[in-house]
Each structure stands twice: as C-alpha cells, then as structure tokens.
Number of protein chains: 2
Amino acid sequence: MVDLSSVPGVTRGILPAQCNSRLVLDHVTSTWGVLVLLALSAGDHRWSELRRVVEGVSEKMLAQTLRTLVADGFVDREAEPVIPPRVTYRLTERGRELTAHLLPLMGWIAQHADEIVSTPAR
Amino acid sequence: MVDLSSVPGVTRGILPAQCNSRLVLDHVTSTWGVLVLLALSAGDHRWSELRRVVEGVSEKMLAQTLRTLVADGFVDREAEPVIPPRVTYRLTERGRELTAHLLPLMGWIAQHADEIVSTPAR
DNA sequence: CAGTATCCATAGGGATACTG
DNA sequence: CAGTATCCCTATGGATACTG
C-alpha cells in the first residue's frame, strides 16, 4: 500500500475533477502523447521521422499532440529557416523529468503485456 | 537520454501498431483507468466508494473500466453473497507492481501541474 | 447496493486535399 | 518537408431507466 497523502490533491477524492493535474495527466497519457514522448526520449526527431516511428499516427493527431506537448513545455520545437523546411523536436529538461518516470512504467508494461493479455484475470 | 533498447518492442518503431503493449497501455492510461488504479492503490474500495472518490466517472465508464482492469488481472473483485450486495475491489499483486510505477509518475505530475499549466512552453 | 441496458449526442480522430 | 484545412464517420461516453 502506498501513501498517497504525499501527493498534493490526491488525498480526498483522488484528483478533483477540474484540476490542473487531470489536465496534464490527460495530455501525457493520451494515446499518441505517450508514444511521442517515448520516441523523443530515444533521441531528437524530425516531423517525418515521428510520423514513421510512431506507427499509426495521422498527421492531424501528430500535429495536435506535438502542439500540446510543446505548449506544456515537455517538447522543444526547432525550426530551421531553410528550404525545404527542417523542424526538429526534442525533449526539454521538463520533458526529460517526465519521461524519467514514464519509461519505467512503459518498460514494465512492455515486459508483461504478453503475459497480461494471455492470462486474463489469473 | 534513456536507452530504450532494453524495452522489448521499443527498439524500432516505438511500439508496433498492433502489439499487446499498446493494448495494455491503452487500458492503463485510459482516463478512468489511471484514476481507478490510483484510488485502489490507496486502499480497497467498494463500488459506491469508487463512484464517489473517482470524481466525474459515470456508472457506465466505471463498470467498463473495472471490467477491463479485472480482465487484465490488475484488480480483484470480491462479491459477498449478501443482501444488499457487497462488492469490494482491490489491487492484485500484478496491480501493485503496476501502480508502483504509476504512482511516482502521478506524484510528479501532481506536483508540477500548476507550474506546467501556468508556464506554457517556458 | 451493484450493477446492466438503452438511447443518444458530441467530439475524437481518419482520409484527403491543399499550402508556404 | 512540414504542416494546415475540411469533410465526415464512428465510437466514446453521458444520462436515464430498469433489475437481481
């Protein structure tokens, strides 16, 4: 059992319905948010690289996800003024702090996924 | 920079589009999935308690979320054959392993949420 | 109490076409 | 190349009513 009282806002009623934590949580745990953060934690990527490496993401969703992550200060967008355009995305310091917590979770899931799916409700 | 090559399936192309990892990831990072797991990590809860403590969740979504988490073996459902019915939900060992990784992430988000929201793209 | 069943609205998200 | 703009569909999820 873990003591949640150390986590602000998690004492009574998990997280208040309209708090900033839920907002950021939704950004981070969004389907494509996690995968983009994961991709960038492995190294900087250009737009076209992200499109390829994050399998299944549409242009619309990639753009939306990146805008949110940039706005939240997790990702930095560097646009070089050349033709054709060259834009690189990378994690900010804040983004690295976040993925430092995200990666262990992802690692555990990736390692146990097959077992979990094949052994429903052991 | 973190080495992702240690995470199975995360080497080329983050996570293959149709893999079990993405499936489990979607269950765990679903809006209500995270909050229910968080609630249960603080202690066992009955259905009605979860409805109250997980602010904003509808009956439909709570039922669906719990079914998924039980099916994945993260949560145990104990139904006592009494009238009125009394059903208790608790984390399984697998569920505790998962939340052990989830809680630090949530803690970080909760602590930084205000800063993140108020300081977009610092 | 602990759900299930049904209806229904809205918005999440895909496909496509277009632009600086 | 790196996006934006539009159309359009379906599936998520809320509200309500009902049941063992």
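Residue numbering restarts at 1 for every chain, and letters A, B, ... go by the order of the sequence lines.
Closest approach to the B:Ser58 side chain among D:dG14, D:dC1, C:dC1 is made by D:dG14 (side chain taken as heavy atoms from C-beta onward). Comparing atom distances between the A:Val87 side chain and each of D:dT4, D:dG3, D:dG13 picks out D:dG3 as nearest. Out of C:dA2, C:dG20, C:dT6, the shortest distance to the side chain of B:Lys60 is found at C:dT6.
Side-chain contact between A:Trp108 and B:Leu98 is present, with at least one heavy-atom pair separated by less than 4.5 Å. The shortest side-chain heavy-atom distance between A:Arg77 and A:Leu66 does not fall under the 4.5 Å cut-off.
Of the side-chain N and O atoms in B:Ser48, one or more sit less than 4.0 angstrom from OP1 or OP2 of C:dA2. Contact annotation: A:Arg77 side-chain N/O to D:dG3 OP1/OP2 distance is under 4.0 Å. For C:dG3, neither phosphate oxygen OP1 nor OP2 lies less than 4.0 angstrom from any side-chain nitrogen or oxygen of B:Arg67.
One interatomic measurement links the two molecules: CE of B:Met61 to C1' of C:dT6, which rounds to 14 Å at whole-angstrom precision. Taking atom CD of residue A:Glu59 and atom C1' of nucleotide C:dG14, one finds them 11 Å apart after rounding to whole Å. To the nearest angstrom, C1' of D:dC1 lies 10 Å from CH2 of A:Trp47. B:Tyr89 has its OH atom 15 Å from the P atom of C:dC1, to the nearest Å. Rounded to whole Å, atom C1' of D:dA2 lies 17 Å from atom CG of A:Asp44. Rounding to whole angstrom units, CH2 of residue B:Trp32 and P of D:dG13 are separated by 9 Å. Rounded to whole angstrom, the span from the CG atom of B:Leu62 across to the P atom of C:dG3 amounts to 8 Å.
With DNA chain C read from its 5' end, the first of the two nearest nucleotides for B:Pro85 and B:Ala63 is the one closest to B:Pro85.
Residue contacts for B:Gln64: at a heavy-atom cut-off of 4.0 Å it reaches no nucleic acid atom on any strand shown. Within the nucleic acid shown, B:Arg51 has no heavy atom closer than 4.0 Å to any nucleic acid atom.
Results of the side chain to side chain contact (heavy atoms under 4.5 Å, CB included) test with A:Thr29 over B:Thr31, B:Thr29, B:Leu25, B:Asp26 single out B:Thr29 as the only residue that passes. With B:Val54 as reference, B:Leu35 is the one residue of B:Thr65, B:Leu35, B:Leu38 to meet the side chain to side chain contact (heavy atoms under 4.5 Å, CB included) rule.
Under the Watson-Crick or G-U wobble criterion, with both distances below 3.5 Å, D:dA5 is paired with C:dT16.
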*Please assess A:Arg96 against A:Glu93 for the test salt bridge (Lys or Arg N to Asp or Glu O under 4.0 Å), listing each intermediate value before the final yes or no.*
CA-CA 5 Å; A:Arg96 279 190 295 276; A:Glu93 175 57 29; 3.1 Å; yes
